[in-house]
Each structure stands twice: as structure tokens, then as C-alpha cells.
There are 2 protein chains.
Amino acid sequence: MLSAACRDSIRAMIYIANLSKKEKYKDRFISIYKIARDLGLSFYFLSKNFQKLVKAGLLESHRGPQGGVKLLKPPSKIRLIDIVAVIDGMDFFNNCILGFEKCSDENPCSIHNLWADKRRQILSMFEKTTLEDAIRNIEKFENIKV
Amino acid sequence: MLSAACRDSIRAMIYIANLSKKEKYKDRFISIYKIARDLGLSFYFLSKNFQKLVKAGLLESHRGPQGGVKLLKPPSKIRLIDIVAVIDGMDFFNNCILGFEKCSDENPCSIHNLWADKRRQILSMFEKTTLEDAIRNIEKFENIKV
DNA sequence: AAGATTTAAGAGTATTTTATCTTAAATATA
DNA sequence: TATATTTAAGATAAAATACTCTTAAATCTT
Ligand code: FES
Ligand code: FES
């Protein structure tokens, strides 16, 4: 459902949001190299994907020593769907699951009535969930993967 | 979410199920060439994918004139998940949405608690929906795409 | 038996996605 | 000002997926 690029990006955004809460990193740029290393991701792949998030205005970047990226909005204002939309686009939520040209209630495929409902719920989840929510889970649960 | 191979296969299976209801095609083999033509799919791609469904015991195939494929079970006994499992596998339903090695309630990622629920509902839909259900929609609605 | 039809299987090609590399540009710091 | 650090951008490479082709095998029809 999510591309590898999108999965990595979401993980990294959650990581940045979480780190930004700590006094030490408050308002500071965090280097992409550090993020990739800490999360076990490819620095190359992550920086490439981050370029889209920067262009889209979700991240601010800064070059040179002490440079890196930081969130342009508080974690509570950044939804998962914002990241998905930038990296993967909204095709998943707009297109027919059986691959037909268009998807609509008026001209449905034979499983549209069942699928549209599920898809709406997934969309709703990605719209409602913010980086703040993810951070809260990290703080709340033991044994959680970041 | 579904691969192109899987989308095509599901459409084709629904088509076969629907056709099999008609007296003329009752218990007959339906040629893959005809199916692909009628659905606007690639004959090559579809026949390749069908090979998996044949091996998996969802389809029976027969070569030569009047050959083709036919369902091995009544449409009410073939669930969408059966087709998905054969063509795409169950990775989508088993793996972590953020790409972590394993997915479990005991060792979750930071959005597992939200995602696991949605994923369960999608799985449930694919488990509950049979080719018979799709056919009923085709009969029930106008303007439906097959 | 011969020829036509149809799927099976494996090889081959094309496209997309993933991942990496290289060079340039910006900027902090010494 | 020189150097080191860090992202930007575009080119390249590798891997996965999508799609096509060729030959063989099965089997129906004549
Ligand atoms: S038309 Fe197929 S999912 Fe909407
Ligand atoms: S651990 Fe990530 S979805 Fe379950």
C-alpha cells in the first residue's frame, strides 16, 4: 500500500518529531545522515525522498555545518496523509481497486460498494493521525519500534 | 495495494463466475483469449497469471479446441482473499506498514495500534466477499463495470 | 493421421521503483 | 579566506514488476 519511499519518510518524520521534543534538539536542524543512521535507512534514498517533503513545505532544510532538516509545523499539525500525498500521491484513494479508469459511486465496479467503505476508513485514519499521535504512542508503550 | 496481476486476475475470475451462470457456458471451459479480449486485458499476461490459479486449485484448465479454464468451485465458495493469496501472497496482511521486520501487538511500531485495526477490516472484507457477491452486484446495479 | 486450437513453461523485454553515486551549491567555523 | 560539513540535483545502476514472445504439449475435429 505504501511505497518503500513513503514508509521510510513517515518513519523519519516521526523520528524528527520525537527528537524535536527534546530540549537538546528543540528548533535545531537534524542532519539527514544522523536520521538515516539511527533508523537504519539508506542516507541516499532518504535524502532524495526528503527533497520532495522540503519542496512541499513540510520540512525546512539547511546546508552546511549544523545543517539538516526540521519540521515547519508542530507535530500535531502534520498528518500522515500529508506525507503520503507528497511521496506516493493520492492514487490509492482515488483509483478503482480493480484498475478501471475511474472510480465513482455512479459508475462502480462490482466490488466498489464494499471497497469504497474500507478505503474511506483508511483515508480517515491517515487524515486523523498526526506525528503527535505517533509520538504519544512511543511515549506510552514499552517495546515500541521507532 | 493489489498488484496489476492480482487486479486482472480478480476481474477475470468474476467474469468467469458470471459467465458460468449462463446456460450456454454452464460447466464449459472458457478460453483465456476470449476472457482477455472481453475484458480488454493482455492475453499473455492473463494466461501467465492464471497458471498460478490453476496450480493453486482455483481453476481447472484444459488444452485444445473447446479448451480454456473453468472454476473448480461454485462462485459462492471462492473468496477474493483466495485469489489475492495466490497471486500477491499475504505479505500485505502480515507485514508492518512502516516496513519493520515483524508486526505484532507485543512489539508494535508507533502506528500499529491504529493500522492493525484497519488492516483487519480489509482482510475481513476480502475474506467475506466471494465471486458470488460480485456477481450479485453486477445483476443488481445498472452502470456497473465488469 | 493431420491440422487447428488452446494452455504450459520458460525465456526475453520493457517499465517502474528502489537505491546509489557524483558534482555542485550553500554555509558555518576556524 | 580556506576548509569542512551538509543538502540539492541530476545521472546512473540494480532490482522488482509488468508484459511479451517462442516453443512445446495436449487435445479436439476432420
Ligand atoms: S469503481 Fe472500482 S473501486 Fe470504485
Ligand atoms: S508493527 Fe507496524 S503495523 Fe504492526
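The sequence lines fix the lettering, A, B, ..., with proteins before strands; numbering per chain opens at 1.
Using a 4.0 Å heavy-atom cutoff across all strands shown, B/Lys34 reaches no nucleic acid atom at all.
Among residues at least two apart or in separate chains, salt bridge (Lys or Arg N to Asp or Glu O under 4.0 Å) pairs with a member in residues 69-96 of chain A are A/Arg79-A/Asp82. Judged as a side-chain hydrogen bond (donor to acceptor under 3.5 Å, both in side chains), the pairs with a partner in residues 36-47 of chain B (not counting sequence neighbours) are, in order, B/Tyr15-B/Asp38, B/Lys34-B/Asp38.
Contact annotation: A/Ser31 side-chain N/O to D/dT5 OP1/OP2 distance is not under 4.0 Å.
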| message | Walk along nucleotides 24-30 of chain C from 5' to 3' and tag each nucleotide B, S or - by protein heavy-atom contact under 4.0 Å, base first, then sugar-phosphate. | response | -BBBB--
Run the side-chain donor-acceptor check on residues 16-23 of chain B: report pairs under 3.5 Å with partners two or more places apart or on a different chain.
| residue | atom | partner | partner atom | Å |
| --- | --- | --- | --- | --- |
| B/Ser20 | OG | B/Ile16 | O | 2.6 |
| B/Lys21 | NZ | B/Glu132 | OE1 | 3.1 |
| B/Lys21 | NZ | B/Glu132 | OE2 | 3.3 |

Can I get a per-line list of side-chain donor-acceptor pairs under 3.5 Å for residues 50-65 of chain A, giving both atom names and the distance, sequence neighbours left out?
| residue | atom | partner | partner atom | Å |
| --- | --- | --- | --- | --- |
| A/Gln51 | OE1 | A/Lys48 | NZ | 3.4 |

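In this view, A/Ser76 satisfies the side chain to side chain donor-acceptor pair (under 3.5 Å) rule with no residue, not counting sequence neighbours. Remark: A/Asn94 engages no residue in a side chain to side chain donor-acceptor pair (under 3.5 Å) (not counting sequence neighbours). The side chain to side chain donor-acceptor pair (under 3.5 Å) check on A/Asp105 picks up A/His112, with sequence neighbours excluded. Residues meeting the side chain to side chain donor-acceptor pair (under 3.5 Å) test with B/Gln121, sequence neighbours left out: B/Asp117.
Using modelled atom types and a 3.5 Å distance limit, the side chains of B/Asn113 and A/Asn137 yield a donor-acceptor pair.
Straight-line distance from the CZ atom of B/Phe29 to the P atom of C/dA8: 10 Å, rounded to whole Å. In this structure, B/Ile32 places its CD1 atom 17 Å from P of D/dA26, rounding to the nearest Å. Between A/Ile87 atom CD1 and C/dT17 atom P there is a gap of 13 Å when expressed in whole angstrom units. Here the C1' atom of nucleotide D/dA18 and the CG atom of B/Asp8 are 10 Å apart, to the nearest Å. Rounding to whole angstrom units, CG of residue A/Leu59 and C1' of D/dT6 are separated by 15 Å. When rounded to the nearest whole Å, the span between NZ of A/Lys55 and P of D/dA8 equals 9 Å.
Scanning all heavy atoms of the two residues, the minimum distance from A/Leu39 to A/Arg11 falls at O-NH2, 3.1 Å.
Taking SG of B/Cys6 as the reference point, atom CE of B/Met13 lies at 10.5 Å (rounded to 0.5 Å). Atom CZ in A/Phe92 sits 9.5 Å away from atom CG in A/Leu123 (nearest 0.5 Å).
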Under 3.5 Å, which protein N or O atoms sit close to an N or O of nucleotides 13-17 of chain D? Give each pair with its distance.
none

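Within residues 35-53 of chain A, the residues having any heavy atom closer than 4.0 Å to DNA chain C are, in order of number, A/Ser42, A/Tyr44, A/Phe45, A/Lys48.
Using five terminal pairs a side, the axes of the helix from C/dA1-D/dT30 to C/dA30-D/dT1 at its two ends make an angle of 0°, given in steps of 10 degrees.
Hydrophobic cluster membership is shared by B/Met90 and B/Leu98, with clusters built from Ile, Leu, Val, Met, Phe, Trp and Tyr side chains linked at under 4.5 angstrom.
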